[in-house]
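Nothing here was measured: the structure is a model prediction, and the numbers come from that model. Lettering of chains follows the sequences in order, A, B, ..., and the numbering in each one begins at 1.
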Amino acid sequence: MLTLSDIRAKRNEIEAALAKRMLEVGNTLDNILELDEQRRQTQAKLDDTLAESNRLSKSIGQLFKEGKRDEAEALKAQTSGLKERTQELREEQSTLEGSLEQLLFSLPNAPHELVPAGKSDADNEEVNRYGELPQLGEGALPHWELCQQYNLIDFDLGAKVTGAGFPFYTGKGARLQRALIQFFLDEANDAGYTEFIPPFLVNEASGIGTGQLPDKEGQMYHMPADDLYLIPTAEVPLTNIYRDVILKEDELPKKLCGYTPCFRREAGSYGKDVRGLNRLHQFDKVEIVQVVHPERSQAVLDEMVAHVVSLLKKLELPFRTLRLCGGDLGFAAGITYDMEVYSAGQDRWLEVSSISNFMTFQANRLKCRYKGKDGKTQLVHTLNGSALALPRIVAAILENNQDAEGIRIPEVLHRYTGFDAIH
RNA sequence: GGAGAGAUGGCAGAGUGGUCGAUUGCGGUGGUCUUGAAAACCAUUGAGGGUAACACCUCCGGGGGUUCGAAUCCCUCUCUCUCCGCCA
């Protein structure tokens, strides 16, 4: 969430930045400032009352020590009323803090200056494009038909055993999946990211830390018996490693990566968007995460984009890079680049990676800070990106590399798959 | 699942009702000494709120209670460890 100190110091800039999300937050900001003012006044009154009762208590203790019981009893009488007043002020304070927190939780991150204004994906800015769009011959198929034809992925079986959106990968389909995971992890390791295998279930505090809760409650699978959530991305467990942590400045940056399955309820999705591998309830992804010095975060964002670009090039997939407009930006993100690959069998661009700089938004919730050389603690910046999400990569590989003979596997994967084509 | 023990500052570990935000050791930082380093010695070293700066307030796993006063007593939750059971 946005920090109170930023809202106090830069109210107008924040209002203008959030306007790029097509949000009108002037009133909310004023309410926050008003509540904050009240909070501080109440706190001051409470502090005075507590100071008074601390003083009396100390005197009473001293008198008892000196054996002056009568004087002590007399002082005790003076403390009556202080307790009630403390209680009242505490309640008032916690009400104010509750309202304040609710308002702060309701505000998404303020978009970075590079982010264009806009209300939907139609307003996203294409910043880069790479590769030739493949020209497929007659009879080219979408991946879900290729999956069936070559026995790679069984969607019906998944629907039978679990439900729609939970496919079975079989034979070379499963092998290809494992090869891609291995390839992505090796690449991330080469780029200096430390590999983790995190838990796939997280608690509520972690969901709040990275911003999935309370805003997107319905998007995660919840296990009520244990009050745990299935992770929608490795970002949640990986970033929460640094919840309530104060790092030394020279420990930055922290670079981590991890492969996990990801679980998403995807309530409200429908139609051709969810066909085949396009949108699943369970899918595999390798995620990269960085925790960095605030001054470095934009450079690191570029570095992470470059990493993903190199993966797509090695996989020989045509892609484009989009800078998301305000309206398409995720709740916690300050700036996001989406990478889309072209999938020829469907003639569609498919999002395979989303790389974001959250600036202090997550750090503020996580209470992740670093201690500078000057001894001051400041919030870090956090970033993450998919590197990469598997299903749509698989879709594009299958569709783009098909011909009458079968499906060609990109060369870089051969050492992982053990085969160079699917017939 | 059953029984027991525990949770204190970066770590270790004191503290069982009254200047305790907390003894001490290690670690960190700065300094003295040294050609340099080590050792030794000295000083310093938690977080948050609040203030122009002080003052002041809060925090000893979370929440609640008793008391003039709680790290210390009571209730409750969470987590950790040990033993038993079950089990990949």
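The residue A/R55 sits apart from the nucleic acid: no heavy atom pair falls under 4.0 Å. At the heavy-atom level, A/T79 lies under 4.0 Å from the strands shown only through sugar-phosphate atoms. The residue A/I60 sits close to a base: some heavy atom pair falls under 4.0 Å. Residue contacts for A/R369: at a heavy-atom cut-off of 4.0 Å it reaches the sugar-phosphate backbone alone, with no base atom in range.
Comparing the P positions of B/U72 and B/C60 gives an interatomic distance of 8 Å, to the nearest angstrom. Here, B/G1 and B/C86 have their C1' atoms 8 Å apart, quoted to the whole Å. Of the C1' atoms belonging to B/U58 and B/G21, the separation is 11 Å, rounded to the nearest Å.
Donor-acceptor pairing under 3.5 Å, judged by distance alone, is absent between the side chain of A/N54 and the base of B/G69.
Across all strands shown, nothing is found opposite B/C87 as a Watson-Crick or G-U wobble partner with both distances under 3.5 Å. B/U72: no Watson-Crick or G-U partner with both key distances under 3.5 Å is found in any strand. B/U78 is paired with B/A7 under the Watson-Crick or G-U wobble criterion, all donor-acceptor distances under 3.5 Å.
Heavy-atom distances to RNA chain B give each of A/K248 and A/K58 a nearest nucleotide, and the one nearer the 5′ end belongs to A/K58. For the pair A/R90 and A/T377, nearest-nucleotide mapping onto RNA chain B gives the more 5' position to A/T377.
Two rings, from A/F419 and A/H414, have their centers 6.0 Å or more apart.
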